[in-house]
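Presented below is the structure to which this report refers.
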Amino acid sequence: MSTETPRTLTEDGVEARLSELLGQERFTPPAPFAAQAEITDPELRARAAADPVAYWEEQARQLRWSQEWTTALNEDDAPFYRWFEGGRINVSDNCLDRHVEAGRGDRVAYHWHGEEGETRDVTYAELLDQTARFAGALRQLGVQQGDVVGIYLPMIPEVVVAMLACTRIGAVHNVVFGGFSAGSVAERMEVSGAKVLVTADGSRRKGKTTAVKPEVDRTMGQLDGLEKIVVVRHAGLDDTPMTDGRDVFFDEVVAAAEPVDPEPLDAEAPMFILYSSGSTAKPKGIQHTTGGYLTGVTTTLRQVFDLQDDDVYWCSADVGWITGHSYIVYGPLANGVTSVMYEGAPDYPHQGIWWELIAKRGVTKFYTAPTAIRAAMKWGVEHVAPHDLSSLKLLGSVGEPINPKAWLWYWHVVGGERCPVVDTWWQTETGAMMITTLPGVDDAKPGSAGTPLPGIDVQVLDAETGERVTEGEGLLAIPRPWPSMLRTLYQDPDRYVSTYWSRFGETTYFVGDSARIDADGYIWVIGRVDDVINVSGHRLSTAEVESAIVAHPHVAEAAVVAKADDLTGQAIVAYVTLNGDTEGSDRIEAEVNQHIADRIGKLARPKRIVWTSDLPKTRSGKIMRRLLRDIAEERDLGDVTTLADPSVVTTLQDRWGAGA
Ligand code: WT7
């Protein structure tokens, strides 16, 4: 490792440097980085654009197929596209067996770090052994190809084993983020018809252990289709309730099971569903399939993170989100890299833990979210300065637009001005990164994600006419299918078509983001155009939060909007009307928050609740959310004469001001 001594970083020094850099529009790839980069061909995009399907076939061939496809892209049934039709492949085979057979079994797949400082190294050979056995155990529990397996686990290696074991036998995993409540897990298990749930005795967060299994029993014990619950012993709780004939311990079934071989699966076999928030209170089951998804995530991680043999890679997301699926589990494993996996929070046991882990493990490539960078900025450079970050070669960002100041802080303080910063735009639906800069080739512009990746076409279309905008603002759209795209919404093909393939016709994917494209073709994402809020890079639906609030017996009506927030990007504001003459109080606020925590999860609790006797509505009774946003962001409201009762907004403005 490098012998560079920790840098002297001071808040004033950093501030001064950032103001110097704020005027700099472009950052060319640092020369030493560019000199060692794998991808240096500036013509790659043009070559791929000449024949995108052939380009993706070339990428797919880098994986191990047990049978080659007959049709690379079948568009007959658009927008139900099929990629690599006729091909057979297994994801766990590509992530594990392939590397072990090539003699790389001793390579560490994950350096796991627990919250209390524990460490555990898991090699590719160990991961293969565990996965093959757990796949055998799932079969013994009655899981067959196409069955849904729920996974509700903390950030521990077993979550990877559980996911890979599903792919080994063609079961469809449905992972739910550990931060969601057991109630929301129950809902997702029910609507997906999950047969088995893999969960843990408990989870740990910032020094506190919470029992998970009793909550799972309380909310899911009665679910019809759920036949078995597998419990990972993680939190050391010894009074975990287990129901005879239904519940088994993970370690026991793994030890007892025979390892099974990977099942060659159809390229279009469903691989997983991941629920994500949309415009209604009902989450969407975004469904991905096998061959195309693996091709997309493997290729993009290799190119965008410039993967090399000696990399130590760390993506700080949670496996419960698409970022974790694609870039903690499948992308890194398919590429055979060594990753760091961290169980805990970024500020536990102290606010410098991430930087300490980077220095300790010699992390070379780091992938995180703007909200985490802003939190680190707030905590101060004194938490970064003591740690030697000279192993870092490249930094990535994902989840929301990154403001130039946070970008520059990342570049200067974390990357020491040596590491390209890649701002990667994509979605749960796209499966893999879509817009970013190729780090050895393209200039970065802080605040812009960049241009579409090779083989990908993303355009900005005029919101009114649908015409392509070459410079200016509009709506993001994807005019051509790509391998890692969602295939449908689980059991709801109509909603798939109406959500994504109606606005611009049925062969152009409607993204749901607005953006500006500049004269160089760089895309500057502005934000969502639907009722989706992005809090710390986590997607939440206003309708879902509203329905959790109105579930409180004293609540008559609620309207939830997003407000810009320095730390979390957006924050939730709820305007709530109570029944009869109930007065808003701290007690009701606590109860409403508890309702939201139970039904969705703590992350969906509003930053502020404003009690009101009425909401601004049109004469036809539609709530005018735009006005509620304007009130929360303290903007001038303009013309409010179309309101049924214009005085409502003045009252709300006063309330808002009084509570600020
Ligand atoms: C939405 C997708 C992709 C994994 C994490 C979020 C926003 C995502 C960026 C970025 C600007 C971004 C978009 C997108 N978003 N990355 N680099 N710059 N905005 O996945 O929950 O499916 O949310 O996140 O609004 O539509 P998701």
Side-chain angles (χ1 to χ4, degrees), residues 175-177 179-180 272-279 283-288 293 296-297 300-301 304 315-331 367-374 395-404 406-407 410 421-437 444-453 456 458 460 475-478 484-486 489 499-500 509-517 522-541 544 562 564 568-570 603-604:
V175 181
V176 182
F177 170 53
F180 279 131
F272 65 86
I273 43 185
L274 182 56
Y275 281 87
S276 183
S277 299
S279 299
K284 302 184 282 197
I286 291 167
Q287 185 173 316
H288 284 282
Y293 172 79
V297 299
T300 50
L301 186 64
V304 177
C315 168
S316 75
D318 189 283
V319 279
W321 305 102
I322 191 69
T323 309
H325 284 55
S326 300
Y327 299 116
I328 292 178
V329 182
Y330 297 111
Y367 195 18
T368 194
T371 186
I373 300 166
R374 289 191 298 264
L395 302 171
S397 171
V398 61
E400 55 173 311
I402 179 164
N403 49 308
W407 192 103
Y410 201 25
V421 173
V422 289
D423 174 5
T424 62
W425 177 90
W426 56 294
Q427 312 177 289
T428 308
E429 291 88 341
T430 70
M433 301 173 207
M434 300 293 275
I435 305 173
T436 188
T437 45
K445 298 187 189 186
S448 163
T451 60
L453 278 167
I456 298 290
V458 185
V460 176
L475 299 174
L476 280 187
I478 309 177
S484 65
M485 65 193 296
L486 80 166
L489 294 179
T499 308
Y500 305 109
Y509 172 85
F510 171 68
V511 164
D513 282 4
S514 62
R516 179 169 69 79
I517 184 162
Y522 275 58
I523 292 170
W524 303 70
V525 175
I526 299 165
R528 302 287 310 185
V529 291
D530 50 12
D531 293 322
V532 167
I533 306 185
N534 187 330
V535 181
S536 301
H538 299 155
R539 208 207 269 201
L540 294 161
S541 134
E544 217 175 325
T568 57
Q570 291 191 317
L603 75 170

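In each ligand, atom 1 is the first atom listed, and ligand 1 is the first ligand listed.
The ring pair (Phe, Tyr, Trp, His ring centres under 6.0 Å) check on Tyr509 picks up Trp482, Tyr500, Trp501, with sequence neighbours excluded. By the ring pair (Phe, Tyr, Trp, His ring centres under 6.0 Å) test, Phe180 pairs with Phe177, Trp321, sequence neighbours left out. Qualifying ring pair (Phe, Tyr, Trp, His ring centres under 6.0 Å) partners for Tyr410, counting only residues two or more places apart in sequence or in other chains: none.
The protein residues lying under 4.0 angstrom from ligand 1, judged by non-hydrogen atoms, are Ile322, Thr323, Val398, Gly399, Glu400, Pro401, Asp423, Thr424, Trp425, Trp426, Gln427, Thr428, Asp513, Val525, Arg528, Asn534, Arg539.
A donor-acceptor contact shorter than 3.5 Å is absent between the side chain of Arg516 and the backbone of Trp524.
When all heavy atoms are compared, the tightest approach of His288 to Thr428 is NE2-O, 2.8 Å.
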If you apply the rule side chain to side chain contact (heavy atoms under 4.5 Å, CB included), what do you find for Ile286 with Tyr275, and how did you get there? CA-CA 6 Å; Ile286 291 167; Tyr275 281 87; over 6 Å; no

